[in-house]
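Written out below as structure tokens is the structure these notes cover.
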Amino acid sequence: QESLLVIINEFGQGRAGNGEWVELLAVGTGSCSTVDMRGWYLFDLQGYKNLSGPTKVKFKNIPAWAAVPAGTIIVIYNGAASSGDLPEHMPSEDTDFSDYRVVIRSTQPAFFEDVAWGGLANTGDWVVVALAALGPMVDGLSFGDKRDESGAPDVRIPSVPARTAAWYTGTTAAGVNVLANWSTGTDGPGYSTPGAPNNAAQLAWIESLRPKPVVSVAPTSHDFGTVYV
């Protein structure tokens, strides 16, 4: 049973070669909650099954991952890829969590460890967020010719080949496992949206998850004396 504390919101194959990226969305237990992601992994099929040629990225045991606010978008991309491989609208690297969006290369040692990037195969693969190596899934999906592999997670997307992306269009954590809530298209401007919500309804949902600002005044009153109008 997937916990869905963090969901896979979108992923893309880039423009060419090894320009893959994965976008995660922290959902937590609802509005204003946080998620402890320390020690978690991002995997492909080979990484999750501990096979050769894996993609695996372990979240380091650091304060930044200890309490990730719900509503935070996390983009992880192949740090070894050239800029020409990544989609042209890939946001610049951003490790400031205060705006609820971070974009971090997989090879960033301050945030990740135990890293290998075998890539997401064009013919088919898995994308999995797991609690630990060989541990329970937090969320997972499969696509292409790897949908029927033993233990393949939902949702099972037909195909996400080169220069293509897939994105979740729903507004609940549970809906991420409904195939009808997924779309595919060009991994380029006007289609994929790395680092941003995937539609207006999703934007409203994500903003509802984020901490609400607290406004206060001190002192609660002030005497300005006698003044002219």
Side-chain angles (χ1 to χ4, degrees), residues 3-12 21-38 40 42 59-77 83 86-105 108-112 129 138-139 165-176 178 180-183 185-229:
S3 70
L4 301 179
L5 293 172
V6 170
I7 64 171
I8 300 156
N9 198 47
E10 189 174 15
F11 70 97
W21 55 276
V22 177
E23 178 187 276
L24 308 178
L25 172 63
V27 177
T29 56
S31 180
C32 300
S33 63
T34 61
V35 184
D36 185 351
M37 298 179 65
R38 292 175 296 178
W40 288 19
L42 172 67
F59 293 78
K60 290 189 73 170
N61 184 1
I62 58 173
W65 298 124
V68 179
T72 300
I73 293 173
I74 304 162
V75 179
I76 304 170
Y77 65 95
S83 59
L86 295 166
E88 56 265 51
H89 61 318
M90 173 62 70
S92 300
E93 183 143 332
D94 176 4
T95 59
D96 180 3
F97 284 70
S98 65
D99 61 355
Y100 308 106
R101 187 193 77 163
V102 293
V103 181
I104 311 177
R105 69 183 189 276
Q108 169 58 269
F111 290 88
F112 302 120
V129 180
V138 178
D139 187 25
W167 53 88
Y168 175 50
T169 62
T171 57
T172 66
V176 78
V178 178
N181 291 334
W182 281 84
S183 296
T186 302
D187 193 0
Y191 296 91
S192 62
T193 57
N198 299 330
N199 55 45
Q202 194 180 82
L203 170 62
W205 172 51
I206 292 173
E207 289 185 337
S208 76
L209 294 172
R210 294 172 177 169
K212 307 301 184 290
V214 177
V215 179
S216 63
V217 294
T220 55
S221 63
H222 189 82
D223 184 358
F224 288 95
T226 302
V227 295
Y228 291 109
V229 175

Partners meeting side chain to side chain contact (heavy atoms under 4.5 Å, CB included) with [X] (sequence neighbours left out):
X	result
I62	K60, A64, W65, F111
S33	T29, A70
S31	K212
A67	T34

Distance-only check: which donor-acceptor pairs under 3.5 Å involve side-chain atoms of residues 216-223, not counting sequence neighbours?
from	atom 1	to	atom 2	distance (Å)
D223	OD1	G225	N	2.8

Using side chain to side chain donor-acceptor pair (under 3.5 Å) as the criterion, list what pairs up with [X], not counting sequence neighbours.
X	result
D139	none
Y168	none
D36	R38
S192	H89, D187

Heavy atoms only: give me the nearest W182-V176 pair and the separation to one decimal.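 The answer is NE1-O, 2.8 Å.
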List for me each residue that meets salt bridge (charged side-chain N to carboxylate O under 4.0 Å, His left out) alongside E207, sequence neighbours excluded, and say none if there are none.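 Expected list: none.
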Run the side-chain donor-acceptor check on residues 94-101: report pairs under 3.5 Å with partners two or more places apart or on a different chain.
from	atom 1	to	atom 2	distance (Å)
D94	OD1	D96	N	3.0
D96	OD1	S98	N	2.9
D96	OD1	S98	OG	2.8
D96	OD2	S98	OG	3.1
D99	OD1	R101	N	3.3

Using the side chain to side chain contact (heavy atoms under 4.5 Å, CB included) definition, which of the options T169, N198, L24 pairs with N9?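 Testing N9 for a side chain to side chain contact (heavy atoms under 4.5 Å, CB included) against T169, N198, L24 leaves exactly one candidate, N198.
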